[in-house]
*Asks:* 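So that we are looking at the same thing, I have put the structure below in C-alpha cells.
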Amino acid sequence: MKNIQSHVFKGTIYAILAGVFWAFSGIFGQLFFQAFADNAMWITSFRLLVAGVILLVVSYLSKPNTFFDILKDRKNIPELISYAIFGVLMLQLSFYASIQVSSAATATVLQFTSPVFLLLYLVIFKHQKLNLKVVVLVIVAMLGIFLLTTHGNLATMTITPLGLGLGLLSAIAVGTCAIIPKRLLQTYDVLNVTGWGMTIAGVVMNIVHPVWVIDFKLTPKSFLLALGVAVIGTAIAFMFNMSAIKYISPVVASVCSAMEPILASVFSIFLFGMSFDLLTGLSMLAVLISVIMLSLEEGKI
C-alpha cells in the first residue's frame, strides 16, 4: 500500500510540474505573439523539433547503450508514430488552431474537457466502473477551469462549429498522449520515448511549415522567447507529463495538469495586469481541492 501511495504521490507531483511548465509556455507564447507574430505554425514547428532533439540528446548522454532499443522492436514503431501524430502533433495543431478560429478562453475550456473523454475510454474500452466521487471531482475541476478562464462571462467564449470541433479534438489529443505510449513508458526510458515521439512530430510539422521559413522579425528577444516555449514549455513539460502517466491514471494526470491555467492566471496578474477577485480565488481553490482529492482517491486503489 505504501508503495502504491508513493507512486501516486510521485505521479501527482510530476503531473502538477507538467502543468507548471505548460503555464510558462503559455506566457512565453503570449509575449511572443504580442510582439512578433500572429501565426502559430512556425512556433509549433520550432518547439516540437527543438524539444524533441534536446530530449533525444539528453537521453543518449544518460543511457547511450539503450538509446536505439525502442526502434529495434518493430511492434513499437506503430505505437511511437501514433503517439507522435495523433498525440503530440494533433494536440499542438488543434489547440492553436482552435485559438485562431475562436478564442484562447474557448480553446482552454474545451481542451480541459479531456478527463471526460478519458473516463469514457476507461468505461467503454477498459470496462471500468465509474467512481461517483471521481466523476464529481472531475466536474468540479472543470467548472473551476471554466470560471477561471472565462470569469463566468460567456461572451469571452467564441464558439463556432469549427472552433468547437478543434477544441474537442485537442481534448481527445490530451487523452491519446496519455493512453498510446503507456506500454512504451513502462518498458523504455521516459526521455527516450518522449524525445522520439516529439522529434517525429516535429519532422512532420516541418513538412507543413519549415522552421527556416520565418515570417516575423528575428531578434535576440524573439529567439529567446521561442526557445523558452520549446525548452521550458515543451521539452520539460512533456517530460514531466509522460513521467506522471507511468504512475497515475490518465484522468488524474489530466486534472493535475490544470495547474496550467491557474499559474497562467497568476502570471497574468503580474505581467498583464489581470485583476484578482473572489471568483478567481474560488476558481483556483476548486481546482486545487479537486486535484488533491483525486490524488488521495487514487492512492486508495
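Because the structure is a prediction, the values reported are computed rather than measured. Values reported hereafter were calculated over all heavy atoms of this structure, with side chains retained and with hydrogens, waters and symmetry mates removed.
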*Asks:* Report the C-alpha separation of Gln128 and Leu119 in whole Å, then their side-chain angles, then the decisive distance to 0.1 Å, and conclude whether the side chain to side chain contact (heavy atoms under 4.5 Å, CB included) test is met.
*Replies:* CA-CA 9 Å; Gln128 292 188 14; Leu119 285 172; over 6 Å; no

*Asks:* Taking Thr234 for its side chain and Val229 for its backbone only, find out whether a donor-acceptor pair lies under 3.5 Å.
*Replies:*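 Indeed, once roles are kept as given, a pair shorter than 3.5 Å links the two residues.
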
*Asks:* Under a single-linkage definition using a 4.5 Å side-chain heavy-atom cutoff for Ile, Leu, Val, Met, Phe, Trp and Tyr, are Val140 and Leu110 assigned to the same hydrophobic cluster?
*Replies:* no

*Asks:* Could you check whether any side-chain N or O of Thr199 sits under 3.5 Å from a backbone N or O of Trp196, counting only pairs where one atom can act as donor and the other as acceptor?
*Replies:* no

*Asks:* Atom CE in Met90, atom SG in Cys177: separation rounded to 0.5 Å?
*Replies:*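 These two atoms lie 8.0 Å from each other.
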
*Asks:* Can Leu49 be reached from Met242 by stepping across I, L, V, M, F, W or Y side chains whose heavy atoms are under 4.5 Å apart?
*Replies:* no

*Asks:* Quick one: does Asn192's side chain get under 4.5 Å of Tyr60's, heavy atoms only?
*Replies:*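 No, every pair of side-chain atoms sits at 4.5 Å or beyond.
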
*Asks:* Please work out whether the ring planes of Tyr121 and Phe125 are parallel, tilted or perpendicular, with thresholds of 30° and 60°.
*Replies:*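 Tilted.
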
*Asks:* Taking the side chain from Ser59 and the backbone from Leu55, do they hold a donor-acceptor pair closer than 3.5 Å?
*Replies:*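 No; judged by distance alone, with no hydrogens or angles, the pair does not exist.
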
*Asks:* Do Leu48 and Val204 make a side-chain contact, defined as non-hydrogen atoms from C-beta onward lying under 4.5 Å apart?
*Replies:* no

*Asks:* Does the plane of the ring in Phe21 sit parallel, tilted or perpendicular to the ring in Phe240? Use 30° and 60° as the thresholds.
*Replies:*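 Plane angle under 30°, so parallel.
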
*Asks:* With hydrophobic residues grouped by side-chain heavy-atom distances under 4.5 Å, do Phe68 and Tyr188 end up in a single group?
*Replies:*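 Hydrophobic grouping puts Phe68 with Tyr188.
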
*Asks:* Hey, mind stepping through Leu56 and Phe67 against side chain to side chain contact (heavy atoms under 4.5 Å, CB included) and telling me if it holds?
*Replies:* CA-CA 8 Å; Leu56 285 181; Phe67 182 74; 4.0 Å; yes

*Asks:* Main chain of Ile70, side chain of Asn76: is a donor-acceptor contact present, judged purely on distance under 3.5 Å?
*Replies:*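 Yes; at least one donor-acceptor contact below 3.5 Å.
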
*Asks:* Is it the case that one hydrophobic cluster holds both Leu224 and Val50, taking links as side-chain heavy atoms less than 4.5 Å apart, direct or via other members?
*Replies:* no

*Asks:* Measure the shortest side-chain to side-chain distance between Gln92 and Arg47 over non-hydrogen atoms and say whether it is less than 4.5 angstrom.
*Replies:* yes

*Asks:* Please answer whether the main-chain N or O of Ser222 pairs with a side-chain N or O of Thr219 as donor and acceptor at a distance below 3.5 Å.
*Replies:*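 Looks like yes, one N/O pair under 3.5 Å.
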
*Asks:* Does the side chain of Met198 come within less than 4.5 Å of Val53's, by heavy atoms?
*Replies:*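 No. Closest side-chain heavy atoms not under 4.5 Å.
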
*Asks:* For Leu122 and Leu118: C-alpha separation, side-chain torsions, deciding distance, then whether side chain to side chain contact (heavy atoms under 4.5 Å, CB included) applies.
*Replies:* CA-CA 6 Å; Leu122 292 174; Leu118 285 166; 5.5 Å; no

*Asks:* Okay, side chain of Ser98, backbone of Phe95: is any donor-acceptor separation there less than 3.5 Å?
*Replies:* no

*Asks:* Would you indicate whether the side-chain heavy atoms of Leu89 and Met205 approach each other to under 4.5 Å?
*Replies:* yes

*Asks:* For a 4.5 angstrom cut-off between non-hydrogen side-chain atoms, does Leu184 reach Tyr83?
*Replies:* no

*Asks:* Relative to the ring of Phe216, is the ring of Phe32 parallel (under 30°), tilted (30 to 60°) or perpendicular (over 60°)?
*Replies:* perpendicular

*Asks:* Evaluate whether atom NZ of Lys63 has more than 12 neighbouring non-hydrogen atoms of other residues, nucleotides or ligands under 6.0 angstrom away.
*Replies:* no

*Asks:* Got a donor-acceptor contact below 3.5 angstrom from the Thr194 side chain to the Leu191 backbone?
*Replies:* no

*Asks:* After noting the C-alpha distance and the side-chain angles of Leu218 and Phe223, does the key distance pass the side chain to side chain contact (heavy atoms under 4.5 Å, CB included) rule?
*Replies:* CA-CA 7 Å; Leu218 187 62; Phe223 179 74; 4.3 Å; yes

*Asks:* Is any side-chain heavy atom of Met142 less than 4.5 Å from a side-chain heavy atom of Val116?
*Replies:*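 Touching, per the 4.5 Å side-chain cut-off.
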
*Asks:* Is there a side-chain contact between Asp189 and Thr66, using heavy atoms and a 4.5 Å cut-off?
*Replies:* no

